[in-house]
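Position 1 is the first residue of the sequence, and the numbers go up from there. Treat the numbers as computed from the prediction; the structure is a model and nothing was measured.
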Amino acid sequence: MGRHLMPKRRWVSILGSAAITLSGCAVGPNYQPPDVSIPGGFGTASRISTYAGVPAESSTDLSQWWWALNDRQLNALVERAIASNPDIELALTRVQRARTEEIALLGVALPQVGVSAGVAAGTGTDLTKGRVANSLRSGSDSTGLEALSRIAGFDVGWELDLFGKYQRLLEAARGDTEALNEMRHAVLITVVADVVRGYVAIRALQSRLEAARTDVATAQKTLDLVQTRYDRGLTNELDVTLAKRQLATLQARLPQLTAAISTTQNRMALLLGTYSVAIDPELRRPRRIPYIPDRLNPRAPLDLLRRRPDIRRAERELAAATARIGAATADLFPTVTLTAGVGVQGGPRSQDGTAPIRGPIWSIGPGGYWPFLDFGRLDALIDVQELRTHEFLVNYKKTILVAVAEVDDAIKGYRAAQQTLKNLQVALAESRRAVDLATERYERGLTDFLNVLDAQRQQYEMEEQSIAAQEIVALQFIALYKALGGGWERYELLPPIREPEPAVLATFRRLSNQWQ
């Protein structure tokens with residue numbers, strides 16, 4: 001249906017734009033994108049190598065950066081979120097509303113046609129005064145009639161846009177729509193990043209739970225070993241008590257991790273616009289944290305201006321504010337309205353029962369108004385718009401500064417997380433070897449049980465820290481690509497909006513819908 005309606009709306013838009021343009025010139029400044037100073041590169045190396053043992057990737061497509069994690073289930077969850085997330089739907093609804101408001105504004109700039117009629121009785125000679133449009137009243141003629149009691153006809157009015165007020169307002173409306181569309185892109189990026197973060201968090205918690213269960217099994221074997229040695233008289237009751245304490249401490253972590261997984265799945269379900277019971281079956285099976293590609297290319301800061309929605313939105317807000325300066329300036333100049341009316345008139349019934357009707361009656365002509373003395377109100381309103389425009393200009397420059405800083409911080413955080421993970425992996429390998437050595441020496445009676453417990457405790461801590469470090473590397477990867485602003489490009493196409501109808505058709509359609 002939308003495809004058949006689009007040509008008609010384009011025709012209306014072309015007609016309206018042509019009418020506005022031909023009516024006169026637009027006062028106020030013409031918008032030019034501001035010149036901003038940006039660095040040639042980010043504060044760190046443009047290419048980053050991650051820790052060893054990760055599959056290599058030559059580059060990452062910013063429009064679908066999450067595909068670089070090579071996780072089909074994650075890709076499917078992201079697509080579901082884009083299709084069903086409530087925040088994305090709200091943002092799209094705001095864009096569609098703004099697009100519809102553009103049509104409403106365009107209609108104000110075009111001629112308005114209405115039907116006006118009035119019937120009255122009384123003692124006067126002009127009984128229709130105040131009951132019909134002024135253009136019909138202007139064309140009325142009571143000559144030969146005892147009284148003028150009936151008038152009906154068509155009224156047309158058109159405010160000529162001699163100084164471009166409506167042209168500027170339409171430019172501002174388009175800028176507002178484009179800014180809202182960039183906000184929609186920003187919401188989409190945030191939702192995608194939150195889904196990937198949530199997925200990484202679930203997999204990290206599952207890894208922790210799996211490691212905790214392994215630790216519990218190890219602690220149980222240790223307790224069995226100590227109990228056997230105690231039964232043989234080779235150790236004391238203190239060792240048994242310490243082994244039982246460690247087992248109980250590790251077992252206490254299991255319900256906490258299980259509850260945390262459930263909570264994270266609830267947050268994921270909200271992002272997908274559903275309930276956790278709907279996604280629990282597909283996320284219940286544990287998987288490892290997705291691997292990160294070994295080479296990341298943040299590109300140049302100049303690319304942020306073309307890609308990051310918050311920067312693009314700030315630029316569109318600046319353009320809209322600039323157009324509103326022209327609209328406010330146009331209020332200083334005369335407004336000219338062309339009105340016309342055509343119809344018929346009639347008088348009251350005579351003694352023989354006839355009711356004379358005469359026509360046609362008509363009138364056409366311009367009317368004007370020029371503000372002369374307003375004690376500076378209109379000039380002050382122009383100053384207000386200029387100050388607002390400067391505010392948007394400063395916000396645009398600040399947004400660029402913040403964006404570059406965010407990418408810098410994300411790159412540095414990513415490199416630090418990589419190095420931390422690499423060191424923790426070495427520490428974990430040595431901790432496992434220390435446990436093996438301590439256990440072997442304890443079984444041979446060469447060391448006491450406290451050394452075994454200490455070695456095991458440090459291994460459990462290293463396992464927890466290593467999983468946390470893997471999660472942080474993934475989160476820093478997400479933060480970097482969110483800061484780069486990619487991910488919305490493949491979803492830029494907007495669905496068509498409903499074609500508004502003239503008032504007379506819309507009246508019957510809406511009444512018909514209400515009766516159904």
Side-chain angles (χ1 to χ4, degrees), residues 2-3 6 46 55 57-99 174-200 268-274 279 282 290-293 295-316 399 403 406-407 410 414 474-497:
R3 293 181 179 177
M6 285 300 290
S46 61
E57 292 284 339
S58 60
S59 63
T60 300
D61 181 7
L62 281 174
S63 65
Q64 287 183 306
W65 56 265
W66 54 94
W67 282 65
L69 301 179
N70 293 316
D71 193 309
R72 294 182 179 179
Q73 189 174 44
L74 172 60
N75 298 339
L77 290 172
V78 169
E79 293 298 327
R80 287 173 58 183
I82 293 173
S84 305
N85 180 266
D87 292 328
I88 294 178
E89 184 176 358
L90 285 172
L92 175 60
T93 303
R94 295 187 185 102
V95 176
Q96 301 297 70
R97 182 199 66 202
R99 294 172 69 192
R174 287 172 180 166
D176 291 339
T177 300
E178 292 164 351
L180 285 172
N181 196 31
E182 296 303 335
M183 186 186 300
R184 166 179 167 263
H185 295 159
V187 171
L188 192 146
I189 289 174
T190 299
V191 169
V192 169
D194 288 345
V195 169
V196 181
R197 267 196 295 258
Y199 185 81
V200 168
M268 175 70 77
L270 179 60
L271 292 170
L272 300 180
T274 185
I279 63 173
E282 55 189 302
Y291 281 140
I292 308 301
R295 298 184 73 82
L296 306 179
N297 183 10
R299 305 183 184 179
L302 182 62
D303 294 328
L304 293 180
L305 274 65
R306 307 186 184 101
R307 188 175 57 245
R308 267 190 62 138
D310 55 343
I311 297 177
R312 291 159 59 97
R313 175 191 173 189
E315 189 271 335
R316 289 291 83 201
T399 304
E406 284 181 357
V407 176
Y414 182 74
L475 294 179
Q476 289 294 337
F477 171 85
I478 297 167
L480 174 58
Y481 277 93
K482 182 183 178 183
L484 291 174
W488 56 266
E489 295 87 343
R490 295 177 182 265
Y491 311 94
E492 187 177 11
L493 184 64
L494 292 171
I497 59 177

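Classification of the Y481-W65 ring pair by plane angle, with boundaries at 30° and 60°, yields parallel.
Here the CZ atom belonging to R97 is positioned 10.0 Å from the CG atom belonging to D176, to the nearest 0.5 angstrom. To the nearest 0.5 Å, atoms CZ (R307) and CD1 (I189) are separated by 9.0 Å. Taking CG of L188 as the reference point, atom OH of Y491 lies at 7.5 Å (rounded to 0.5 Å). Here the straight-line distance linking atom CG of L62 with atom CG of L484 works out to 6.0 Å at 0.5 Å rounding. Taking CG from N181 and CE from M183, the interatomic distance works out to 10.5 Å, rounded to the nearest 0.5 Å.
Residues that satisfy the side chain to side chain contact (heavy atoms under 4.5 Å, CB included) test with A314, not counting sequence neighbours, are N395, Y396, T399. Residues that satisfy the side chain to side chain contact (heavy atoms under 4.5 Å, CB included) test with A186, not counting sequence neighbours, are P309. For the side-chain hydrogen bond (donor to acceptor under 3.5 Å, both in side chains) test, residues two or more places apart in sequence or in another chain that qualify with T177 are E102. Partners of N85 according to the side chain to side chain contact (heavy atoms under 4.5 Å, CB included) rule, which considers only residues two or more places apart in sequence or in another chain, are D87, I88, V191, L271.
Proximity of I292 to Y414: side-chain heavy atoms (C-beta onward) are separated by under 4.5 Å at one or more points. L494 has its side chain within reach of L92: a pair of non-hydrogen atoms, C-beta onward, lies under 4.5 Å apart. Under the 4.5 Å side-chain criterion, counting only non-hydrogen atoms from C-beta, F477 is in contact with L69.
Identified under the salt bridge (charged side-chain N to carboxylate O under 4.0 Å, His left out) test for residues 177-187, with sequence neighbours left out: E178-R316, E182-R312. Pairs of residues two or more places apart, or lying in two chains, that qualify as salt bridge (charged side-chain N to carboxylate O under 4.0 Å, His left out) and include a residue from residues 64-82 are D71-R287, R80-E282.
Among N75, L77, V78, the one residue that satisfies the side chain to side chain contact (heavy atoms under 4.5 Å, CB included) test with V196 is V78. Each of E489, E406, E315 was checked for a salt bridge (charged side-chain N to carboxylate O under 4.0 Å, His left out) with R308, and the lone residue meeting it is E406.
Residue Y199 comes nearest to Q73 through the heavy atom pair OH-OE1, 3.3 Å, listed as atom of the first residue, atom of the second, then distance. Nearest approach of L180 to A98, heavy atoms of both residues: CD1-CB, 3.6 Å. Across all non-hydrogen atoms, the minimal contact from K482 to T190 is CE-OG1, 3.9 Å. Here the closest non-hydrogen pair linking P86 and L270 is CD-O, 3.9 Å.
Look at D194 and R197 and you find a salt bridge, because one of the NZ, NE, NH1 or NH2 atoms lies within 4.0 Å of a carboxylate O, short of that distance.
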